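Since the structure comes first, as structure tokens, the remarks are kept for the end.
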Amino acid sequence: MISRRAPVAFWTGFGVVLALLIVAPLVLPEFWRRFVTEILIWGLLAMSSDILIGYTGMISFGHSAFFGLGMYGAAAALLSTRPPNLWLAFVYGLAAAAVVAAFVAYFSTRLRDIYFSITTLIFSQIFYVIIFTWTEVTGGENGLYFTQPPFTIPGIWSARFSTLSLHWFVLAIVALSYLVLRRITQSPFGMVLQSIRENEPRTRAIGYHVERYKIVAVLLSGLFAGLSGTLYAIQHRFAAPDFVFFTVSGEVVIYNVMGGMGTLVGPVMGAAFFLLLREGLSRFWAEYYLIPLGIAFTLMVIFMPQGLLGFLKRRVNQ
């Protein structure tokens, strides 16, 4: 009976949240409409990192590289085609992120624990320096600016994005990405990743090629991080080296910790909570908002170690 109710409960909850996010931009002012869209994009980046942090037990500080290269890949496509092509932007963005993820995975997955984290951080800094100094191609510290592409169904229909239609477009991609990632984490492949997280030597001893699974996990995580970077570039119409800096990766780790690791939904909640809290605090303490933000994060780590989602689950079960 429980096994039958679980899918019904999931799809009911998923449908309710999806419906609320569809309706939200219809009632929100322009600023908050854009802000909710941005939360969805950062939530997708947080979900992508959860594949490594929450399910495989590998803390990555290289997601800024995947995110940033997704942005620059999209920028390259949109600046090189006339008129700008939306779907080509996704192809370029995902390809750039995939190439970088393959490069990082090949070297970093040979290491474990803190050594893996440090290696990913070093790679993100290498790509940051390349992008920051290769001014002729990347625009250097000024970044790249481009025209937002229209939504096009080839040979059938084409229309410019409004803030409303862009929100629904981003929501559709994020919702689909969540369902794909959820299916992956619940598959035998996802079970092996969790086994690596819990006991890597034993997983290796029973015959699994741990390095191969780690490489695929990094590739998968990098691909969805690149997808979020492409969406961010399309929304804001620019790409800048700041998004490749390792502090972006640090914020993504915070999203996971605040929301609840190994849940997919938790990191999205963490991203929403962090961004809303930062926006609210920065309006009252423009220069010192990081102090109360840091205090809030510390208190959450101490008193809610399972994150917001874990806290809510415990409250419901009481």
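If you read the sequence from its start, that first residue is 1, and numbering goes on from there. Please read all numbers here as calculations on a predicted model, not as lab measurements.
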**Asked** His63 pairs by side chain to side chain donor-acceptor pair (under 3.5 Å) with which of Ser49, Ser249, Ser124, Ser221?
**Response** Ser221
**Item:** Spacing of His167 atom NE2 and Gln235 atom CD [to the nearest 0.5 Å]
**Value:** 10.5 Å
**Request:** Walk me through it: do Phe273 and Tyr255 pass the test ring-ring contact (aromatic ring centres under 6.0 Å, His included)?
**Result:** CA-CA 8 Å; Phe273 181 79; Tyr255 299 160; over 10 Å; no
**Asked** Which value, rounded to the nearest 0.5 Å, describes the distance between Ser60 atom OG and Ile51 atom CD1?
**Response** 12.5 Å
**Message:** Main chain of Ser195, side chain of Asn199: is a donor-acceptor contact present, judged purely on distance under 3.5 Å?
**Reply:** no
**Request:** Measure the spacing between CG of Leu219 and NZ of Lys214 and express it to the nearest 0.5 Å.
**Result:** 14.0 Å
**Asked** Can a salt bridge be assigned to the pair Glu30 and Arg33 using a cut-off of 4.0 Å between side-chain N and carboxylate O?
**Response** yes
**Asked** CZ of Arg204: more than 12 outside heavy atoms within 6.0 angstrom?
**Response** yes
**Fill in**
Residues Leu78 and Asn85: closest non-hydrogen pair is CD2-O, 3.7 Å
**Complete:** Correct closest heavy-atom pair for Phe127 and Ala65 would be CD1-CB, 4.2 Å
**Fill in**
In this structure, OG1 of Thr298 is separated from CG of Leu293 (nearest 0.5 Å) by 9.5 Å
**Joint hydrophobic cluster, Trp32 plus Leu26, side-chain heavy atoms closer than 4.5 Å** = yes
**Request:** Would you check if the side chain of Trp285 reaches a backbone N or O of Pro292 as a donor-acceptor pair within less than 3.5 Å?
**Result:** no
**Side-chain heavy atoms of Tyr208 within contact of Tyr213, under 4.5 Å** = yes
**Item:** Nearest heavy atoms of Pro267 and Gly260, plus distance in Å
**Value:** CD-O, 3.3 Å
**Message:** Pair Ile41, Val174 - check side chain to side chain contact (heavy atoms under 4.5 Å, CB included), show working.
**Reply:** CA-CA 7 Å; Ile41 295 172; Val174 172; 5.7 Å; no
**Over 12 non-hydrogen atoms of neighbours within 6.0 angstrom of CD in Gln306** = no
**Item:** Linked, directly or transitively: Val23 and Phe35 (ILVMFWY side chains, under 4.5 Å)
**Value:** no
**Request:** Take Leu308 and Met304 through the test side chain to side chain contact (heavy atoms under 4.5 Å, CB included) and record every step on the way to the result.
**Result:** CA-CA 7 Å; Leu308 287 170; Met304 291 190 291; 4.1 Å; yes
**Request:** If the plane angle is over 60° it's perpendicular, under 30° parallel, otherwise tilted; pick one for Phe238 and Tyr232.
**Result:** perpendicular
**Request:** Kindly indicate whether the side chain of Ile114, heavy atoms from C-beta on, has any atom under 4.5 Å from the side chain of Ile59.
**Result:** no
**Request:** Could you walk me through whether Trp168 and Phe161 pass ring-ring contact (aromatic ring centres under 6.0 Å, His included), step by step?
**Result:** CA-CA 10 Å; Trp168 287 334; Phe161 278 116; over 10 Å; no
**Item:** Shared hydrophobic cluster, Leu166 / Leu88 (ILVMFWY, side-chain heavy atoms < 4.5 Å)
**Value:** no
**Message:** If we count only N and O atoms by modelled type, under 3.5 Å, do the side chains of His236 and Gln148 hold a donor and an acceptor together?
**Reply:** no
**Request:** Check the surroundings of atom CZ in Phe31: do more than 12 heavy atoms from other residues, nucleotides or ligands lie under 6.0 Å from it?
**Result:** yes
**Item:** Approximate separation, where rounding is to 0.5 Å, of Leu44 CG and Leu40 CG
**Value:** 9.0 Å
**Prompt:** Is the number of heavy atoms from other residues, nucleotides or ligands within 6.0 Å of CD1 (Ile39) greater than 12?
**Reply:** yes
**Request:** Kindly give the heavy-atom pair with the smallest separation between Gln186 and Met191, and that separation in Å.
**Result:** CA-CE, 3.9 Å
**Message:** Are Tyr72 and Val99 connected into the same hydrophobic cluster when the rule is that any two of I, L, V, M, F, W, Y join if their side-chain heavy atoms are below 4.5 Å apart?
**Reply:** no
**Asked** How many angstroms lie between atom CD1 of Ile130 and atom OG1 of Thr138, to the nearest 0.5 angstrom?
**Response** 10.0 Å
**Message:** Is there a side chain to side chain contact (heavy atoms under 4.5 Å, CB included) between Glu141 and Phe132? Walk through the geometry before answering.
**Reply:** CA-CA 6 Å; Glu141 62 179 334; Phe132 192 85; 3.4 Å; yes
**Item:** Transitive ILVMFWY side-chain link Phe123 to Ile215, under 4.5 Å
**Value:** no
**Request:** Please lay out, stage by stage, how Phe246 and Phe61 fare under the test ring-ring contact (aromatic ring centres under 6.0 Å, His included).
**Result:** CA-CA 6 Å; Phe246 75 92; Phe61 288 104; 7.8 Å; no
**Prompt:** Phe151 vs Phe169 aromatic rings, parallel, tilted or perpendicular, using cut-offs 30° and 60°?
**Reply:** perpendicular
**Asked** Would you say Arg283 has more than 12 foreign heavy atoms packed within less than 6.0 Å of its CZ?
**Response** yes
**Complete:** Nearest heavy-atom contact between Pro241 and Ile131 is CB-CG2, 3.9 Å
**Prompt:** Will you find, in the side chains of Tyr106 and Arg110, an N or O donor that is under 3.5 Å from an N or O acceptor?
**Reply:** yes
**Message:** Counting only heavy atoms not in Trp134 (residues, nucleotides, ligands), do more than 12 fall under 6.0 Å from its CH2?
**Reply:** no
**Message:** Please evaluate residues Leu223 and Leu94 with respect to the criterion side chain to side chain contact (heavy atoms under 4.5 Å, CB included), reporting the C-alpha separation (whole Å), side-chain torsions for both, the decisive distance (0.1 Å), and the verdict.
**Reply:** CA-CA 6 Å; Leu223 199 63; Leu94 291 176; 4.2 Å; yes
**Over all atoms of both residues, closest heavy-atom pair of Ile254 and Phe274** = CG2-CD1, 3.9 Å
**Item:** Heavy-atom donor-acceptor pair, Asp50 side chain to Leu264 backbone, under 3.5 Å
**Value:** yes
**Message:** Please verify the inter-ring angle class for Trp11 with Phe14; under 30° counts as parallel, over 60° as perpendicular, anything in between as tilted.
**Reply:** perpendicular
**Message:** Atom OH of residue position Tyr92 - does it have more than 12 heavy atoms of other residues, nucleotides or ligands inside 6.0 Å?
**Reply:** no
**Arg197 and Thr56: side chain donor to acceptor below 3.5 Å** = no
**Neighbour count >12 (heavy atoms, 6.0 Å) for atom CZ, Phe189** = yes
